[in-house]
Structures are given as structure tokens and as C-alpha cells.
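Scroll down for the structure; my scribbles are underneath it.
Just so it is clear: chains get the letters A, B, ... in the order the sequence lines come, proteins before strands, and each one is counted from 1.
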There are 2 protein chains.
Amino acid sequence: MVLATMLKEKTTYSISELAQEFDVTTRTIRHYEDMQLLLPARQGQKRIYSLADRTKLKLIVRGKRIGLSLQESGELLNMYEPGQSNVDQLERTLEYIGTSRQKLSQQLRDISTMLDDLDEAEAGCKVELKALHDIADQHSH
Amino acid sequence: MVLATMLKEKTTYSISELAQEFDVTTRTIRHYEDMQLLLPARQGQKRIYSLADRTKLKLIVRGKRIGLSLQESGELLNMYEPGQSNVDQLERTLEYIGTSRQKLSQQLRDISTMLDDLDEAEAGCKVELKALHDIADQHSH
DNA sequence: AATATAACTTACGTTAACGTAAACTGCAAT
DNA sequence: ATTGCAGTTTACGTTAACGTAAGTTATATT
């Protein structure tokens, strides 16, 4: 039986399980529900999260890491929903995908230059450190 | 004289010039000063921004784009300041550089997967669009 | 001299994203 | 039976990052 739970893919989760996995509080997860980003099933009054719910939460958390607002994450989530019935909707979605890609590309550039800056700063630090050590060596001699 | 102002590198800026260039309000710039991220010179009561100030502001704005808080941007700015006198300080700075790099690397990964997701979503949209168009063609015939 | 423009200070207001506390429910183990 | 979790709802509190308004000052222009 332990083997079964170890091998079988888990398909539902409690709120605290997800909270643990994604390192957020249960309050936070409920907040995302208040904001309409999640809509878990219920077993009585308990929330039951599906694999799809978990995936959504993962996307939200990832979004947070790169500075997306809950609104923006919500719009991204909507994009991934299948219910795109008409042409108009699909074209608006395509447009949104385009602008999203541009924003993300800008972020990529920003991060790259920041990483470069960090490299420079690190080099500078090491130079200064070495200078200080050299002086110390000289005095100890 | 116009030529001079066109060719010579500008070295000081008014608050509204910077606001325009970086697409923020003057209120925002003053707020960054309240938060100790900037400390421009004064000419009477007017703020005069140096090239260094401009560079700092650029870094702050860039930081915002990737979701940094003003505090975090402030800490980054401190790193780039020269006044690293003692060994202890330098080592702490090096450590901070390390963790910063890790955070940025994580963001790089997050953005990459998001871009991949967008590619998938776009492909899906296009497929659906084509299907809708095919149906339309069939009926018009 | 009067007016416009750009800057300034002070201070209260607003929004997002939760934190925190209080009081309730249902089930499980002692 | 009660104690103790894990979960729930409701609601007020908090922090960051500015927005917005009101009144003041300095400089330049008509």
C-alpha cells in the first residue's frame, strides 16, 4: 500500500500540501481563489485541488518570481484555457501572446545586463580584497 | 550653440528630464529619494541630477521591470558604491552577489519556460483559428 | 507688474497582496 | 467525552509604491 502511494501519480491535494510544496501559506492560496485564479472542488467545505489546479498554482508562483501581478498571471491562465470559441477571441489571445513575449524578452535582456553587472562588481570586489590581503601580508613580514 | 548642446554629452538633468526619459513621474523620482535610493545635488531648492544619478535611476527602473523591490534595488546600488573599506564588508558583498546571481538565474529559467509555454499556446491558437476558417470556407462553398 | 511654468513641500489617499486574529466545524486519537 | 488537529469563514490590519491635491517659491516671459 505504501508502494502504491509511492508509485501512483497523485491526482488530488489538500491546501496544506500545496502550501508546503510551493512554499506559500494557505492564506495565500485562498487569496488566489478570492482573486479568481483558482477554483478547487469541494468535499463538504474542504478544498480539493486537482492536478490542473496544482499546475495553475505553479504558474502563479512562477509568475510572482518574475514580478507578475496576480492579474497578469490570471490573464495568462485564461489563455491556456481551452474555451476559445470564436475568431475574435483567438485573435485577441494571439495579440496578448505577442505583447507577453515582448515583455518577457525585455526581462531577459534586463536580467542579462544585471548578471553582467554582477560579474563586474564581483571582479572589482576580488581585486580590492586581494589588495587588502597584500597589505596585510606586507605588515606581517 | 545648438551644436554644442547636441554634441557635448549632457552631464546634469532636471527631474522632469529624467522623468520623461524613463517614463516615470517626478513624484516617483522623489519617492526614490525618500527611500534613499537617490540623493541629487541641489541648486537652491531645485534637484540637479548627475550622470551617476541617472545611471542609478536606470538601474532602479530596470530592477522594477524584473520585479525587484526598491529595497532590493537599493542594496544592489550599494554594492556598486566604491566605499568598501574592510575585508568583512567585501566578503558580505561577494556573498550578496552570489545570492543575487542565483535569483536572477532562477528568473532566467522561469522566463524561458514561460516563453516556451507561449509558443505552445500560440501554436494551439493558430490551429484552432485554421479549423474555424476551414469551416467557414466550407460553408461559403 | 502680472502671468505662466517648473519646481518644491506636506500630507492624506489608494491599491495590491497578503498577515493576523477570532470564532466555528469535522474528524481522529486518547 | 475531550482534546487536538486541519480546515473553514469573516473581517480588520499592514506594507510597499506611489497618486493626488493643496499651497509655496523661483524663474522666465509677455
Quiz item: Looking at residues at least two apart in the chain, or sitting in another chain, which of them share a side-chain contact (heavy atoms from CB on, under 4.5 Å) with A:E21?
Solution: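 Partners of A:E21 by the side-chain contact (heavy atoms from CB on, under 4.5 Å) criterion, ordered by chain and then number, come out as A:L18, A:R54.
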Quiz prompt | Pairing residues for B:D53 by the side-chain contact (heavy atoms from CB on, under 4.5 Å) criterion, not counting sequence neighbours | solution = B:P40, B:Y49, B:S50
Quiz item: Starting at the 5' end of DNA chain D and moving along, which residue's nearest nucleotide shows up first, B:Q71 or A:R30?
Solution: A:R30
Quiz item: More than 12 non-hydrogen atoms from neighbouring residues, nucleotides or ligands closer than 6.0 Å to CD on B:Q71, yes or no?
Solution: no
Self-check item: Neighbour count above 12 (heavy atom, 6.0 Å) for B:E33 CD
Solution: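 Yes, because the 6.0 Å sphere around CD of B:E33 holds more than 12 heavy atoms from other groups.
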Quiz prompt | Interface residues of residues 33-44 of chain A with DNA chain C (non-hydrogen, below 4.0 angstrom) | solution = none
Check residues 119-127 of chain A and write down every donor-acceptor pair under 3.5 Å in which the side-chain atom is one partner and the other belongs to a residue at least two apart or another chain.
{"from": "A:D119", "atom 1": "OD1", "to": "B:R101", "atom 2": "NH1", "distance (Å)": "2.6"}
{"from": "A:E122", "atom 1": "OE1", "to": "B:R101", "atom 2": "NH2", "distance (Å)": "2.6"}
{"from": "A:E122", "atom 1": "OE2", "to": "B:R101", "atom 2": "NH2", "distance (Å)": "3.0"}

Self-check item: Non-hydrogen side-chain atoms of B:I48 and B:R42 separated by less than 4.5 Å
Solution: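 They are not in side-chain contact.
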Using the 3.5 Å cut-off, write out each protein N or O paired with an N or O of nucleotides 20-27 of chain C and the distance between them.
{"from": "C:dT20", "atom 1": "O4", "to": "A:R27", "atom 2": "NE", "distance (Å)": "3.1"}

Quiz item: Counting any heavy atom closer than 4.0 Å, what does B:T26 reach on the DNA or RNA strands: base, sugar-phosphate only, or nothing?
Solution: nothing
Practice problem: Scan side-chain atoms only and decide if B:R92 and B:Q89 contain a donor-acceptor pair under the 3.5 Å cut-off. | Solution: no
In a table with atom names and distances, give each donor-acceptor pair under 3.5 Å that connects a side chain of residues 56-67 of chain A to protein atoms at least two apart or in another chain.
{"from": "A:K56", "atom 1": "NZ", "to": "A:E81", "atom 2": "OE2", "distance (Å)": "3.2"}
{"from": "A:R65", "atom 1": "NE", "to": "B:D110", "atom 2": "OD2", "distance (Å)": "2.7"}
{"from": "A:R65", "atom 1": "NH2", "to": "B:D110", "atom 2": "OD1", "distance (Å)": "2.8"}
{"from": "A:R65", "atom 1": "NH2", "to": "B:D110", "atom 2": "OD2", "distance (Å)": "3.4"}

